[in-house]
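Chain letters run A, B, ... following the sequence lines, proteins first and then strands; every chain starts at 1. It should be emphasised that the depicted structure is a prediction, and the values quoted were computed from it without experimental measurement.
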There are 2 protein chains.
Amino acid sequence: MPRTDYSDFACSVARSLEVMGQWWTPLILRDLYLGVDTFDDLVADLGISRSLLTRRLGDLVADGLVRREVYGERDDRYRYLLEPSGRDLIPVLAALAAWGDRWQTPAGGAPLLFEHEGHECVPTVGCSTCSQPVTVETLVPVPGPGARAARGTAVVAARPLRTQSTEG
Amino acid sequence: MPRTDYSDFACSVARSLEVMGQWWTPLILRDLYLGVDTFDDLVADLGISRSLLTRRLGDLVADGLVRREVYGERDDRYRYLLEPSGRDLIPVLAALAAWGDRWQTPAGGAPLLFEHEGHECVPTVGCSTCSQPVTVETLVPVPGPGARAARGTAVVAARPLRTQSTEG
DNA sequence: CGCCTGGGTTCTGTAACTGAACTCATGTAG
DNA sequence: CTACATGAGTTCAGTTACAGAACCCAGGCG
């Protein structure tokens, strides 16, 4: 049986993972952002197997996160570029990297840091309305227009929302 | 051969994925946050196989993102609770859900929305210093103290950082 | 001619995941 | 006192997904 398809889940995390949650995919997107954008450079940087990279890049192009473009004079040399949806995912990956730096700190410290308009920047998840950082304690989930009893909300739909921050 | 171990990568995204990037793991953390915290409830909500859930929960406990706690009167009924590192990951998953709502919009709209201190909230990645949202264009990667030529930075380490926003 | 580069495809194993059945202890309804 | 339900798993068979190496092809270079 194939790995479970997330696309019918009533959960946006699941549908995001369906297109970027495969093994290697976030690292490929990270490398494209950093300018490692040709097939052989990706193989060399990541150590991913060529067969798998072929499929991952094909899926990313099919899902619209990435496009393939000819470069140079020959018409069989390609570069992979982030499309708007792929570019919009980079800050989320940066926030994930910041989480890794906090909780899975490597020997020697963070391998990569960020700057934003000249100053130091730790990518932090905040609120679109008030710009303050959000935490588990201050983030309250509410059912949206697409809420339904489906995989990913089978149990949640059957009872009022109580998060681990608000319950006993 | 086992799936590639990310833990030696010189990349914080990779080390984050090593503990939360397995298939199902982010959805398990999401459910724990939403209060779906017992073994059978997780099986019912997600449809994950029981054998795999056993391993995933064990890994999460071993990695310190989750702890297992007895509840009720019997001593063989357990509830899984988020530890600080697990709780700190929830905003990142919320930002990922927001990305999914933007780019992989489901029929009927978002299944789950968020509020923050009484107002509507779209979890957005911002800068820790100036609180402004960060985008690919304004986010500049710089080598950190732990930068080295290793898997995940083999190609990057050999040349100056040029991102897809600044090149061509 | 032989080798290098870039971008793949093909092949062979092994590990990961699915799904169903089973265990075991306790509690409860008939 | 038998039957069934609940909670938390374990065991097992079957199918994918992934790793790693080898190979292919076109063009350029020495």
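- Put simply, R68(B) has no side-chain N or O that comes within less than 4.0 Å of OP1 or OP2 on dG7(D).
- In this structure a side-chain-to-backbone donor-acceptor pair under 3.5 Å is present from T54(A) to R50(A).
- The main-chain N or O of R148(B) is found under 3.5 Å from a side-chain atom of T153(B) such that the two form a donor-acceptor pair.
- Distance alone, capped at 3.5 Å, places no donor-acceptor pair between the E83(A) side chain and the G64(A) backbone.
- Less than 4.0 Å separates DNA chain C from at least one heavy atom of each of the following residues of residues 39-48 of chain A: F39(A), D40(A).
- Below the 3.5 angstrom threshold, one finds no donor paired with an acceptor across the side chain of S51(B) and the base of dG9(D).
- Summarising the geometry, the separation between CZ on R3(A) and P on dA17(D) is reported as 7 Å, rounded to the nearest angstrom.
- Going from atom CD of E69(A) over to atom P of dG6(C) covers 17 Å, rounded to whole Å.
- Counting only heavy atoms from C-beta on, P2(A) has its side chain closest to dT16(D) among dG9(D), dA19(D), dT16(D).
- Between the base of dA17(D) and the side chain of R55(A) there is no donor-acceptor pair shorter than 3.5 Å.
- Residue Y71(B) places at least one side-chain N or O under 4.0 Å from the OP1 or OP2 atom of dA8(D).
- The base of dG19(C) does not come close enough to the side chain of R50(B) for any donor and acceptor atom to sit less than 3.5 Å apart.
- As a whole-Å value, the separation of Q22(A) CD from dT16(D) P is 16 Å.
- For the OP1/OP2 pair of dC18(D) and a distance below 4.0 Å, the side-chain nitrogens and oxygens of R56(A) include at least one atom meeting the criterion.
- With dA19(D), dG6(C), dA17(D) as the choices, the nucleotide that has an atom nearest any side-chain atom of R77(A) turns out to be dG6(C).
- Following rounding to the nearest Å, R79(A) (CZ) and dT5(C) (P) show an atom-to-atom distance of 18 Å.
- Here D45(A) pairs with R30(A) in a salt bridge; the nearest charged N to carboxylate O distance falls below 4.0 Å.
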Candidate pair L96(A) and L17(B), rule side-chain contact (heavy atoms from CB on, under 4.5 Å), full reasoning: CA-CA 9 Å; L96(A) 185 62; L17(B) 292 171; 4.1 Å; yes
Please test T4(B) against R151(B) for side-chain contact (heavy atoms from CB on, under 4.5 Å), starting from the C-alpha separation and ending with a verdict. CA-CA 11 Å; T4(B) 303; R151(B) 233 176 157 180; 3.5 Å; yes
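- Per the geometry, CD belonging to E73(B) stands 11 Å off C1' belonging to dG27(C), to the nearest Å.
- Atom pair D5(B):CG and dA16(C):C1' shows a separation of 15 Å (rounding to whole Å applied).
- Taking only side-chain nitrogens and oxygens, W24(B) never comes nearer than 4.0 Å to OP1 or OP2 of dA16(C).
- For dA19(D), one of the phosphate oxygens OP1 or OP2 lies less than 4.0 angstrom from a side-chain nitrogen or oxygen of T4(B).
- Distances were taken from every side-chain heavy atom of R74(B) (C-beta onward) to each of dG20(D), dC17(C), dA25(C); the shortest belongs to dA25(C).
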side-chain contact (heavy atoms from CB on, under 4.5 Å) assessment of C127(B) paired with H119(A): CA-CA 9 Å; C127(B) 170; H119(A) 51 255; 3.5 Å; yes
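- Between dG6(C) and Y80(A), no contact under 4.0 Å exists linking OP1 or OP2 to a side-chain N or O.
- Note: CG (L53(A)) to C1' (dT9(C)) measures 13 Å, nearest angstrom.
- Put simply, CG on L52(A) is 16 Å from C1' on dG13(C), counting in whole angstrom units.
- Between F9(B) and W24(A), the angle of the ring planes lies from 30° to 60°, which puts this pair in the tilted group.
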